[in-house]
2 protein chains.
Amino acid sequence: MILEKMMNNTPVTLKFLAEKLKMSVSTVSKALNNYPTINEYTKQRVQELARELHFLPNKSAINLKERKSHLIGIILPNLLDHFFTRSIYGVEQFATQNGYNIIISQSHDDLEKEIQSANMLLRNRVDGLIVAISKHTQDFAHLNQFENMGIPVVYYTRNPSFNLSCHKVLGNTFQGCYQATKFLIDRGHQKIAYLGGPKMINFTHDRFNGYINALKDNQLPFSSQLVAYTDFDPENTISAIKKLFTDTENVPTALVAFKEPILFDAIKYLKSINYPNFNKIECIGFGNTSFISYLNSPPIASIEENPESVGTNAIKLLLQLINKEIDIRNYQKIMVDCKLVVHG
Amino acid sequence: MILEKMMNNTPVTLKFLAEKLKMSVSTVSKALNNYPTINEYTKQRVQELARELHFLPNKSAINLKERKSHLIGIILPNLLDHFFTRSIYGVEQFATQNGYNIIISQSHDDLEKEIQSANMLLRNRVDGLIVAISKHTQDFAHLNQFENMGIPVVYYTRNPSFNLSCHKVLGNTFQGCYQATKFLIDRGHQKIAYLGGPKMINFTHDRFNGYINALKDNQLPFSSQLVAYTDFDPENTISAIKKLFTDTENVPTALVAFKEPILFDAIKYLKSINYPNFNKIECIGFGNTSFISYLNSPPIASIEENPESVGTNAIKLLLQLINKEIDIRNYQKIMVDCKLVVHG
DNA sequence: GTAATTATTTCAAACGTTTGAAATGGAGTT
DNA sequence: AACTCCATTTCAAACGTTTGAAATAATTAC
């Protein structure tokens, strides 16, 4: 009879177990949750039957009762950037360990999609949100809704550039860039170029400062001729590289770049024009892409941003906020150090 | 008064709206769901207040009532392989359009983690599952649970190699490999090597067959000297390449490889040993990696596997199964064609 | 003006849990 | 025999929706 019930897939609920065992639903519930007031023998009987019938508590019911979803929302620009996929790994691991599941949504760097994602996650009543904002996010109404409803939000990596009060977990991009520049200085370079990224991404400036400060701390002069900016469009990178390497007499011998794909575009171009002393130029970029070993003029080192650690820090902070171990208005800022990885 | 209630974040529920409007909960519910029996004016009033107070229906409650979670589970080996992240894009788009959210879990090619993921998704009562199994999955008990509970499962890309009855969406890897081989033949190559992947991945054999058939259809002889197998370990790729290119008199002039990273390892090695006529060798691999443009001995073409389309097909099939437009026991097999992308 | 019809709203149960309060059934005490 | 006390179990309400059936109000027909 029990088997029969299983077969025509009537769901196995507390009520069903209770009927089989001829006891009340609450006894069954409490037995499964190991309440001290329940008799040991009763617990055994209940747990045994539950196992036998593959009882799975219905999460929707629990969530409704507990007014929790046990869901963490993540909004990020895309899953094609390994920084983000690696960061998810850190989030997922820690979240799962603590009984939360994650629900990922890509904004594709589009504000409209980001708003949609936010609303979707809101409808799903996520217990918290981790977000790397799109390039175009200036207005935060769709994200502020969460805090207004008491749902904590942690901004990570990409975050509001103006100092909006919010929880942040960031790569210590200043330190990373400082370290890379210092490394090149220690190798004897005097003229180190800096190839910056889109100015609208908030940490662009921090990286530049890392570069500047390393120069200053080592008594090297700063020259604006050695600095250029680009974005992810290879054309613009080529223009920037022309400024730095060909249309100048202040020729650099080393280069620190905003991000590896940009650096690769730069290297590709220099190589394509047979730039004199090309293989003397030492380059470093943010990223530590796994493909580096296939390049045959690879960067000398990479600035590893430890995305897993950024993710882990973000979820840890978020869980503290959810559990009210930290007050939601007591805004936190966590920096995760970068690490210089020397190749070869 | 209304504002006050909003402020101390009492949740805005149907009941709350009903009280404000002095009508019953069911009227409010029906008004929001646009029931024809509800008076137009009433609908207006309800919808206006709902908008004003940012009413968001509680999904847990709806899910409980409807016995649905509106959640699609995805289990895949990892998010670092662009094939998978691109496939997710296809899934996400279509799922969202149809009112489903996706919840992604990585197995890291570990059976134990895959089992955990499966159980987690089961507890969350996903309405359907899309899965690319781990390399080590031989036993399917943890995945069969879903169908036993009436939850449809679509295997995609990686799927049970023996012809287990199940729904499958696969890249037409035979056709892709055939096309690539044919392309090389048409360019005049007579000796085309085939570098295969791990034999435990089910579609390895299909690719090989594509290669073989292209040779046969074009009256080229097959030689086992021109075939070698490897996995993702560069050491093994080097051994395979030695067999194919150096320890033989039957020297190939072209190469079809199982996957691009493997092909890159091969190219890197041949280059490193200054293989004679290196730049005459024409290579093709599965993948169409975005990094190809940075290589300076890039493959002549890529076999684009259209992961987005694989994803879209998987979710479309899954939704048909969920909606019972296709019987769950009426096992489907969908092939998604590859496309040869010629570089340069 | 009453009955019949139609439009609209409300009732009430259900989905599957959790949990404090109340009830039950002994055992131990006097 | 009546009482207290404890262990254990059950009751009942609640979480926020949905939805068919029932009730009510408004309109039309005769």
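Numbers restart at 1 for each chain; the letters A, B, ... are given by sequence-line order, proteins then strands. In what follows, every heavy atom counts, from backbone to side chain, and hydrogens, waters and symmetry copies are set aside.
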Q. Sequence neighbours excluded, which residues qualify as ring-ring contact (aromatic ring centres under 6.0 Å, His included) partners of A/Y89?
A. B/H108
Q.
Let me spell it out: for each of B/R125 and B/M23, pick the nucleotide of DNA chain C with the closest heavy atom. Which residue's pick is nearer the 5' end?
A.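 On the 5' side of the pair lies B/M23.
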Q | Pairwise 5' ranking along DNA chain C for A/L64 and B/I38, keeping only the more 5' one | A |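 That would be B/I38.
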Q.
Does anything in residues 55-75 of chain B form a ring pair (Phe, Tyr, Trp, His ring centres under 6.0 Å)? List the pairs, not counting sequence neighbours.
A. B/H70-B/Y100
(Q) According to ring pair (Phe, Tyr, Trp, His ring centres under 6.0 Å), does anything in residues 309-333 of chain B pair up with another residue at least two apart or in another chain? List the pairs. (A)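 Every ring pair (Phe, Tyr, Trp, His ring centres under 6.0 Å) pair that includes a residue of residues 309-333 of chain B, provided the two are not neighbours, is B/H167-B/Y331.
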Q) Contacts to DNA chain C from residues 28-36 of chain B, heavy-atom cutoff under 4.0 Å, which residues? A)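 B/K30, in order of number.
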Please list, chain by chain and in numerical order, all residues satisfying side chain to side chain donor-acceptor pair (under 3.5 Å) with [X], sequence neighbours excluded.
X	answer
B/T27	B/S24
B/S60	none
A/S117	A/S105

**Q.** Under 3.5 Å donor-acceptor, A/S87 side chain and A/V310 backbone
**A.**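 No: the side chain of A/S87 does not pair with the backbone of A/V310.
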Q: Measure from the side-chain N and O atoms of B/Q106 to the backbone N and O of B/L79, and report whether any donor-acceptor pair falls under 3.5 Å.
A: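 Between the backbone of B/L79 and the side chain of B/Q106 there is a qualifying donor-acceptor contact (under 3.5 Å).
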Q) In degrees, rounded to 10°, what is the bend between the two ends of the helix from C/dG1-D/dC30 to C/dT30-D/dA1, using five pairs at each? A) 70°
Q | Nearest-0.5 Å distance, CG of residue A/L64 to CG of residue B/N63 | A |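 Going from the CG atom of A/L64 to the CG atom of B/N63 covers 10.0 Å.
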Q: Rounded to the nearest angstrom, tell me the gap between atom CD in B/E40 and atom P in D/dA26.
A: 18 Å
Q | Proximity to DNA chain D (any heavy atom under 4.0 Å), residues of residues 55-63 of chain B only | A |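 Going residue by residue through residues 55-63 of chain B, the ones with a heavy atom under 4.0 Å of DNA chain D turn out to be B/F55, B/L56, B/P57, B/N58, B/A61, B/I62.
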Q | Reference residue A/I75; test side chain to side chain contact (heavy atoms under 4.5 Å, CB included); the match among A/I130, A/V153, A/V131 | A | A/V131
Q. Residues two or more places apart in sequence or in another chain: which of them pass side chain to side chain contact (heavy atoms under 4.5 Å, CB included) with B/T137?
A. B/L111, B/E114, B/I133, B/S134, B/F140, B/H142
Q) Of all residues at least two apart in sequence or in a different chain, which pass the side chain to side chain contact (heavy atoms under 4.5 Å, CB included) check with B/D110? A) B/E112, B/K113
Q: Identify the 5'-most and 3'-most nucleotides of DNA chain C with at least one atom closer than 4.0 Å to a non-hydrogen atom of chain A.
A: C/dG16 to C/dA21
Q. With sugar-phosphate meaning primed atoms plus P, OP1 and OP2, does B/T37 contact a base, only sugar-phosphate, or nothing at under 4.0 Å between heavy atoms?
A. base
Q) Reckon B/S26 touches a base, only the sugar-phosphate, or nothing at all at heavy-atom distances under 4.0 Å? A)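 Base contact - B/S26 has a heavy atom under 4.0 Å of at least one base atom.
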Q: Evaluate the criterion salt bridge (Lys or Arg N to Asp or Glu O under 4.0 Å) for residue pair B/E40 and B/K43; output intermediate values, then yes/no.
A: CA-CA 5 Å; B/E40 272 310 317; B/K43 284 185 192 171; 3.6 Å; yes
